[in-house]
Amino acid sequence: MKTKLKEFRARLNITQEDLANKVGVRRETILFIEKGKYNPSLKLAKKIANVFNEKIDDIFIFDKKELEAE
Amino acid sequence: MKTKKNNKQKYRLMIAFGAFFAAVASFCSFHNLISDAVASGIITAATCLFTIGIVRLYIRKEPLIDEMVKTANQKAISGAWVLTLILTTVLFWINLIFKDKLSVMLVLSIILYFMLFSVLILRYYYLKHGIEKT
């Protein structure tokens, strides 16, 4: 799964810490999501999408091959 | 929002319990009601609780446990369980080959400490390197 979280954050000028506080997680969790080292739950993905007023699909991009492989 | 409020309450409770237990242990130690070793243990634990509460409530205003920490904990526990199962099998064969050379206390201690440390190590690993597949 790829993420555009960093781009959206930069666009709205939100720090990782601000975003973490808004969605109720640790800053490190946001860092790992941006690096692609942690796949957030649907609930967290929705919360993040709500912060940016976007759909989950616009922020988190699922690779077709990855989906088929699992 | 509700989670944030719950966390704040939790940290306030941690501070209150930390201060209370430290005060009680100091009082009991001062009046020789408990031994110094027990008192120092309680005071150390209470001070840790108090400090964590203060840091989380006023300095690092973010949750101590979030979904990533929970996932890391779950994965660490299941990983440690599998490793302990392998260790138990190894110990079983050692005991079988060397004809009951291992005492029950020794085996229990090995298993207990191995599981404890492997959980901590795996948890640290997952929190440091991330959990790619969830």
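By convention in this document, chain letters (A, B, ...) are assigned in the order of the sequence lines, proteins followed by strands, and residues within each chain are numbered from 1. Just so you know, these numbers use all the heavy atoms, side chains as well, and skip hydrogens, waters and symmetry mates.
Ile77(B) is not connected to Tyr126(B) by any chain of hydrophobic side-chain contacts under 4.5 Å among Ile, Leu, Val, Met, Phe, Trp and Tyr, and they are in different clusters. Phe27(B) and Ile42(B) fall into different hydrophobic clusters, where Ile, Leu, Val, Met, Phe, Trp and Tyr are joined by side-chain heavy atoms under 4.5 Å apart, directly or via other members. Criterion: ILVMFWY side-chain heavy atoms under 4.5 Å apart, direct or through other members. Under it, Leu106(B) and Met115(B) are not part of a common hydrophobic cluster.
With a 4.5 Å cut-off on non-hydrogen atoms, Lys70(B) does not touch chain A at all.
No more than 12 heavy-atom neighbours from other residues, nucleotides or ligands sit within 6.0 angstrom of OH on Tyr125(B). The 12-atom threshold is not exceeded at CG of Leu42(A), counting heavy atoms of other residues, nucleotides or ligands nearer than 6.0 Å.
Shown here for Glu67(B) and Ser41(A), the closest heavy-atom pair between the two residues is OE1-OG, 2.5 Å. Scanning all heavy atoms of the two residues, the minimum distance from His129(B) to Lys37(A) falls at O-CD, 3.4 Å.
Within the model, atoms CZ of Phe32(A) and CG of Leu127(B) stand 7.5 Å from one another, a figure rounded to the nearest 0.5 Å.
Shown are Thr29(A), Leu44(A), Ile30(A); of these, the side-chain contact (heavy atoms from CB on, under 4.5 Å) with Asp66(B) is made only by Thr29(A).
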